[in-house]
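See structure below.
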Protein chains: 2
Amino acid sequence: MARRVRAYAGAVETRELRYFVAVAEELHFGRAAQRLGMAQPPLSRAISQLERRMGVELLQRDSHSVSLTAAGAVLLHEGRAALEAMEAAEHRTRRAALAAAGRPSIVLVTKAGASSELLAKLLHAYAAEPGSIPVDVMLCGPGQQARLLAGGRADVALLHRPFDDTTGFDTEELLTEGQVAVLPAGHVLSTHPSLRLSDLDDVPDLPRPRWPTSDGSYPPGPGPEVQSHSQLLQLISLGRTLMVSPDSCRSQLRDDTVAVPLVDAPRVTTVIAWPPSSRSLAVADLVRTAVRL
Amino acid sequence: MARRVRAYAGAVETRELRYFVAVAEELHFGRAAQRLGMAQPPLSRAISQLERRMGVELLQRDSHSVSLTAAGAVLLHEGRAALEAMEAAEHRTRRAALAAAGRPSIVLVTKAGASSELLAKLLHAYAAEPGSIPVDVMLCGPGQQARLLAGGRADVALLHRPFDDTTGFDTEELLTEGQVAVLPAGHVLSTHPSLRLSDLDDVPDLPRPRWPTSDGSYPPGPGPEVQSHSQLLQLISLGRTLMVSPDSCRSQLRDDTVAVPLVDAPRVTTVIAWPPSSRSLAVADLVRTAVRL
DNA sequence: CCTGGCCATACCGTGGCGGTATCGCGCCTG
DNA sequence: CAGGCGCGATACCGCCACGGTATGGCCAGG
């Protein structure tokens with residue numbers, strides 16, 4: 001017999017949503033509770049309360065395993081976006097207060113080591129604009145930029161299609177280029193005039209590096225763990241790993257590394273992205289300057 | 001002596017943000033409290049708590065007037081978006097649950113009376129597509145579509161540039177057309193072959209109609225209050241008001257009204273819009289169908 | 001059959017939230 | 001100039017909801 005659930009009353013609180021997202025990501029109440037810094041029973045209760053109040057089953061608890069229902073998957077997706085919007089509101093407000101107190105600035109985020117020439121030109125050109133304000137450059141690991149931009153920690157980002165997801169942002173294309181494999185000088189592969197992506201698979205002595213994921217842990221694999229671009233370059237020159245990167249990285253290579261064009265790698269487009277809700281004149285100026293380059 | 005405020009700890013709760021938005025919109029604690037269905041003192045306290053926790057002054061309370069600081073204005077703007085995202089997460093989750101229970105559908109929202117031919121063609125064409133699902137059409141007053149779409153009550157919308165704000169949505173243009181003035185048959189102006197917008201100002205016997213705003217109240221003015229398109233058309237044929245509308249409305253006019261082209265009115269572009277976070281195949285199909293028309 | 005892992009339930013204490021009463025402070029008015 | 005009034009802040013109180021501990025129920029694996 002289907003139990004009738006009374007009509008839903010209030011709004012979802014961020015606390016509840018944070019709890020749900022944690023459980024939906026871990027698919028394990030105990031680990032989620034640990035991540036949230038709380039005990040498991042109140043978490044269980046909060047989730048079932050949320051389900052009861054929404055009148056929707058979000059998680060399926062079969063014996064010894066938790067899984068998402070279709071509705072739960074939607075709430076995970078939309079809820080992440082909503083939590084990011086809450087965060088963004090908070091960060092942007094705090095930054096607006098600082099700006100009003102006399103320290104206006106733009107935070108630009110980009111993947112460490114990417115598009116550095118373009119970035120240098122952009123910063124130089126923008127600084128020459130009348131009315132420009134200081135630009136704080138924030139460098140981050142791959143795939144983190146969009147999160148920082150959506151979370152309001154940055155005002156504008158340089159993203160790289162097709163790797164970065166640009167949905168939800170306004171963008172302008174700046175540059176499209178091919179990719180190269182960066183290899184240790186003297187390695188067998190480095191003597192080829194060009195390579196294919198498949199040539200880089202299963203090179204036992206050059207396993208792909210591993211970057212930390214958003215929770216700070218590393219995916220499993222044989223490659224070395226890296227936190228920064230310079231670290232990676234050093235590991236390449238030591239003959240421990242390789243890197244696939246847009247052409248423009250060549251200008252920053254050490255002379256004990258070699259860049260070999262990849263004929264079948266997807267072309268990379270660098271775009272400048274900003275949140276559609278942005279009302280900042282400074283961001284608009286920066287974007288205009290970038291497009292003119 | 002500036003009082004040092006301790007570093008901010010937790011996240012902003014939707015409750016606090018709802019409270020702040022209410023006060024920021026009313027600029028009056030008493031009225032805001034009334035709107036929120038609570039007493040004024042706890043509201044005052046919640047706001048000052050929020051300010052203390054964020055370490056940011058949001059409202060300026062001079063004697064007998066409340067105003068927004070720069071930071072407060074940012075939080076109002078970003079906070080509205082964040083609350084809409086929370087709402088959207090909730091509504092979409094509930095609709096996903098219904099869909100999973102066997103009643104999948106798309107909710108399409110459009111301004112009542114606009115683009116009806118286009119809409120009819122679209123619905124017909126989409127219904128003929130393989131794998132199409134029922135489309136619930138939701139009609140609303142001018143300027144409400146974007147809110148319904150952002151709030152997750154609709155999956156897709158027909159918007160009209162330049163009137164509707166499309167920031168934050170993905171869009172495809174469908175149709176661009178001129179505008180006409182719809183007048184009572186027999187009115188002096190209706191005999192002109194064409195008109196300018198300025199000709200419609202200060203026509204004492206045809207004051208512009210007033211639509212309800214988002215809070216349900218009407219702006220002040222001499223024109224009649226209207227809630228629906230058919231109501232408006234009836235008022236026009238009674239000689240009480242006039243309407244400015246895209247060309248395509250002609251097909252639905254009663255024969256006691258006349259449409260006169262406006263030579264200097266901005267051209268109107270009908271676009272189909274959907275939230276960038278949408279993962280619905282049905283929405284994608286509907287959009288593809290619309291673009292092909 | 002026993003053990004261990006995992007989520008749910010039961011029960012308890014505390015902190016936060018909202019309510020009422022009242023204060024402080026300008027402004028307006030007679 | 002005194003009194004009234006409008007409005008936000010403060011004081012104080014009661015309740016509920018949230019989080020913690022202890023424990024139960026259930027299933028899988030050995």
Side-chain angles (χ1 to χ4, degrees), chain A residues 3 5-6 8-69 72 75-76 83 86, chain B residues 3 5-6 8-69 72 75-76 83 86:
Chain A
R3 191 164 49 89
V5 183
R6 77 159 169 286
Y8 177 65
V12 175
E13 290 297 321
T14 59
R15 184 182 52 82
E16 304 177 286
L17 200 47
R18 274 205 320 277
Y19 289 1
F20 172 75
V21 168
V23 175
E25 284 178 356
E26 299 283 348
L27 292 177
H28 188 289
F29 281 80
R31 278 195 299 275
Q34 197 172 1
R35 204 174 100 185
L36 292 165
M38 67 188 291
Q40 170 261 319
L43 180 58
S44 277
R45 203 182 33 196
I47 299 292
S48 53
Q49 214 168 71
L50 179 64
E51 288 180 307
R52 226 175 319 118
R53 290 201 345 188
M54 290 190 61
V56 171
E57 203 168 332
L58 301 170
L59 296 168
Q60 206 136 19
R61 292 90 149 168
D62 338 41
S63 53
H64 280 239
S65 89
V66 175
S67 59
L68 284 170
T69 63
L75 187 59
L76 175 57
L83 289 177
M86 293 289 297
Chain B
R3 192 164 50 87
V5 184
R6 77 160 169 285
Y8 176 67
V12 175
E13 289 298 321
T14 59
R15 185 184 51 83
E16 302 178 288
L17 200 49
R18 274 204 320 276
Y19 289 2
F20 171 75
V21 168
V23 175
E25 284 178 356
E26 299 283 347
L27 292 177
H28 189 291
F29 281 79
R31 277 194 300 275
Q34 197 169 2
R35 205 174 99 183
L36 292 165
M38 66 188 291
Q40 169 261 319
L43 179 58
S44 278
R45 203 181 34 192
I47 299 291
S48 52
Q49 216 168 68
L50 179 65
E51 287 179 308
R52 229 175 318 117
R53 290 201 343 189
M54 290 190 61
V56 171
E57 203 167 332
L58 300 170
L59 296 169
Q60 207 136 17
R61 291 91 150 167
D62 334 43
S63 52
H64 280 241
S65 87
V66 175
S67 59
L68 284 170
T69 63
L75 187 58
L76 176 57
L83 289 178
M86 294 288 297

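Each chain gets a letter, A, B and so on, in the order the sequences are listed, and its residues count up from 1.
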Atom pairs, protein N/O to nucleotides 26-30 of chain D N/O, distance under 3.5 Å:
unit_1	atom_1	unit_2	atom_2	d
D:dC27	O2	A:H64	NE2	3.1

B:E26 CD to D:dG8 C1', in whole Å, measures 16 Å
How close do B:L43 and B:A33 get, counting heavy atoms only, and between which atoms? CD2-N, 3.4 Å
Protein-nucleotide distance (B:L27, atom CG; D:dG6, atom C1'), rounded to Å: 16 Å
Check: A:R53 side chain, A:A11 main-chain N or O, donor-acceptor pair, under 3.5 Å: yes
Steps toward side-chain contact (heavy atoms from CB on, under 4.5 Å) verdict (A:R61, A:S48): CA-CA 11 Å; A:R61 292 90 149 168; A:S48 53; 4.2 Å; yes
Rounded off to whole Å, could you give me the CD-to-P distance for the B:Q49 and D:dT10 pair? 12 Å
If you walk 5' to 3' along DNA chain C, what is the first nucleotide with an atom under 4.0 Å of a heavy atom in chain B, and what is the last? C:dC17 to C:dC27
Dump every N/O contact between nucleotides 19-21 of chain D and the protein below 3.5 Å, one line per pair.
unit_1	atom_1	unit_2	atom_2	d
D:dG19	OP1	A:Y19	OH	2.4
D:dG19	N7	A:R45	NH2	2.3
D:dG19	O6	A:R45	NH1	3.4
D:dG20	OP2	A:A39	N	2.9

To the nearest Å, how far apart are A:R61 CZ and D:dG25 P? 19 Å
Flag, side chain of B:E16 to backbone of B:A46, donor-acceptor distance under 3.5 Å: no
Residues B:L27, B:L68; criterion side-chain contact (heavy atoms from CB on, under 4.5 Å); working and verdict: CA-CA 8 Å; B:L27 292 177; B:L68 284 170; 4.3 Å; yes
Is the number of heavy atoms from other residues, nucleotides or ligands within 6.0 Å of CD (B:Q40) greater than 12? yes
Side-chain contact test, heavy atoms from C-beta onward, threshold under 4.5 Å: evaluate it for A:E25 versus A:R35 and give yes or no. yes
Has B:S44 got a side-chain N or O lying under 4.0 Å from the OP1 or OP2 atom of D:dG8? no
Intermediate values then yes/no, side-chain contact (heavy atoms from CB on, under 4.5 Å), B:L17 and B:L50: CA-CA 9 Å; B:L17 200 49; B:L50 179 65; 5.6 Å; no
Under 3.5 Å, side chain of A:Q60 to main-chain N/O of A:T69, donor-acceptor pair present? no
Here's a test of your reading of the structure: between B:R31 and B:S48, which maps to the more 5' nucleotide of DNA chain D? B:R31
Looking at B:T14 and B:L83, would you say the former's side chain and the latter's main chain have a donor-acceptor pair under 3.5 Å? no
Intermediate values then yes/no, side-chain contact (heavy atoms from CB on, under 4.5 Å), B:I47 and B:F29: CA-CA 10 Å; B:I47 299 291; B:F29 281 79; 4.0 Å; yes
